[in-house]
*Asks:* 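Dropping the structure in here first, questions after.
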Amino acid sequence: ASAVLAIRTAAAVVATKRVMKPLLEPTIGTGRLVLRPPRNADVDALVDGIGDLRVSRMLVRVPFPYKRTDGEAFLAAVRRSIRSGKSLNLSIFHGGRLIGGIAIGSLPSYCEFGYWLAHSAWGKGFATEAGRAVLAYGFDVLGLRLIRSGVLSGNTASMRLQSKLG
């Protein structure tokens, strides 16, 4: 079961796909993090992070065990989604190391926010920091009016995060 929360609304007009496409591959810096589009070179760290059952059990659309072929398929799907203007999907780096991923998918209509963090990155405020940056980008740069998010029941850390993010 999952709960759906509206993260935030804004008065801006939703950008068209034609305008959004070039904006879907930003590099965003925060105080401690760099968020950038995933690259093929990220696949091993992606598989290591999501391949941890403590992480994958909190994600809806992820097989377990998560294999290299799953990571490669995910990266190919991300590239297609960006090209078609349907998602903002970024890798989260701390100290040059991939620690997670964050996205706003189903653009420009449904606009669903999601993320994952490697277990070693839990409890350090990285999801809050990355979430604030990506949501601000969605509202302020992409001009989205509403961004939704769901959370699996029992995932109290994500419920707290969504509360913090508004």
*Asks:* Look only at the side chain of Ser81 and the backbone of Ala77, and say whether a donor-acceptor pair between them is shorter than 3.5 Å.
*Replies:*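 No.
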*Asks:* So which heavy atom on Val151 is nearest to which on Ser158, and how close?
*Replies:*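 Closest approach of Val151 to Ser158: CG2-CB, 3.3 Å.
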*Asks:* Please test Ser87 against Leu24 for side chain to side chain contact (heavy atoms under 4.5 Å, CB included), starting from the C-alpha separation and ending with a verdict.
*Replies:* CA-CA 7 Å; Ser87 78; Leu24 295 178; over 6 Å; no
*Asks:* So does Ile104 get a backbone contact from the side chain of Glu112, meaning a donor-acceptor N/O pair under 3.5 Å?
*Replies:*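 Side chain of Glu112 to backbone of Ile104: no pair is present.
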*Asks:* Test side chain to side chain contact (heavy atoms under 4.5 Å, CB included) on Tyr137 and Leu35; report intermediate values, then the result.
*Replies:* CA-CA 11 Å; Tyr137 190 87; Leu35 314 177; over 6 Å; no
*Asks:* Only one of Val134, Val141, Ile102 passes side chain to side chain contact (heavy atoms under 4.5 Å, CB included) with Leu88; say which it is.
*Replies:*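 It is Val134, the one option of Val134, Val141, Ile102 that forms the side chain to side chain contact (heavy atoms under 4.5 Å, CB included) with Leu88.
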*Asks:* Run through Thr27, Val78, Val34, Ile28 and flag the one making a side chain to side chain contact (heavy atoms under 4.5 Å, CB included) with Leu90.
*Replies:*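 Going through Thr27, Val78, Val34, Ile28 one by one, the side chain to side chain contact (heavy atoms under 4.5 Å, CB included) with Leu90 is satisfied by Ile28 alone.
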*Asks:* Is it true that Asp52 and Arg57 have a side-chain N and a carboxylate O under 4.0 angstrom from each other?
*Replies:*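 Result for this pair is no, no salt bridge flagged.
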*Asks:* So, the side chain of Arg148 versus the backbone of Cys111: is there a donor-acceptor pair under 3.5 Å, distance only?
*Replies:*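 The answer is no, because no donor-acceptor pair under 3.5 Å joins these two groups.
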*Asks:* If two hydrophobic side chains count as joined below 4.5 Å and joins carry through other members, does Phe113 share a cluster with Met58?
*Replies:*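 No, no single cluster joins them.
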*Asks:* Step by step, would you call Asn89 with Arg79 a side chain to side chain donor-acceptor pair (under 3.5 Å)?
*Replies:* CA-CA 9 Å; Asn89 199 310; Arg79 284 189 298 277; over 6 Å; no
*Asks:* Decide side chain to side chain contact (heavy atoms under 4.5 Å, CB included) for Asp44 and Leu98; before the verdict, give the C-alpha distance in whole Å, the side-chain angles of both, and the deciding distance to 0.1 Å.
*Replies:* CA-CA 10 Å; Asp44 292 329; Leu98 178 76; over 6 Å; no
*Asks:* Donor-acceptor check, side chain of Trp122 to backbone of Leu117, threshold 3.5 angstrom: yes or no?
*Replies:*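 Answer holds: yes.
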*Asks:* Is the count of non-hydrogen atoms from other residues, nucleotides or ligands lying under 6.0 Å from Arg32 atom CZ greater than 12?
*Replies:*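 Result for CZ/Arg32: enclosed.
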*Asks:* Closest approach of Leu75 and Pro38, non-hydrogen atoms and distance?
*Replies:*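 Scanning both residues, the minimum pair turns out to be CD2-CB, 3.4 Å.
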*Asks:* Strictly distance-based, threshold 3.5 Å: is any side-chain N or O of Lys124 a donor or acceptor partner for the main-chain N or O of Ser120?
*Replies:*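 Checked: pair present.
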*Asks:* For Gln162 and Gly150, indicate whether the former's side chain and the latter's backbone hold a donor-acceptor pair under 3.5 Å.
*Replies:*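 Yes, the answer is positive, given that a donor and an acceptor are paired below the 3.5 Å cut-off.
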*Asks:* Does Leu46 form a side chain to side chain contact (heavy atoms under 4.5 Å, CB included) with Tyr66? I'd like the steps, not just the answer.
*Replies:* CA-CA 9 Å; Leu46 174 75; Tyr66 194 77; 4.0 Å; yes
*Asks:* On a heavy-atom basis, which atom in Ser56 and which in Val62 lie closest, and how many Å separate them?
*Replies:*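 Closest approach of Ser56 to Val62: CB-CG1, 4.0 Å.
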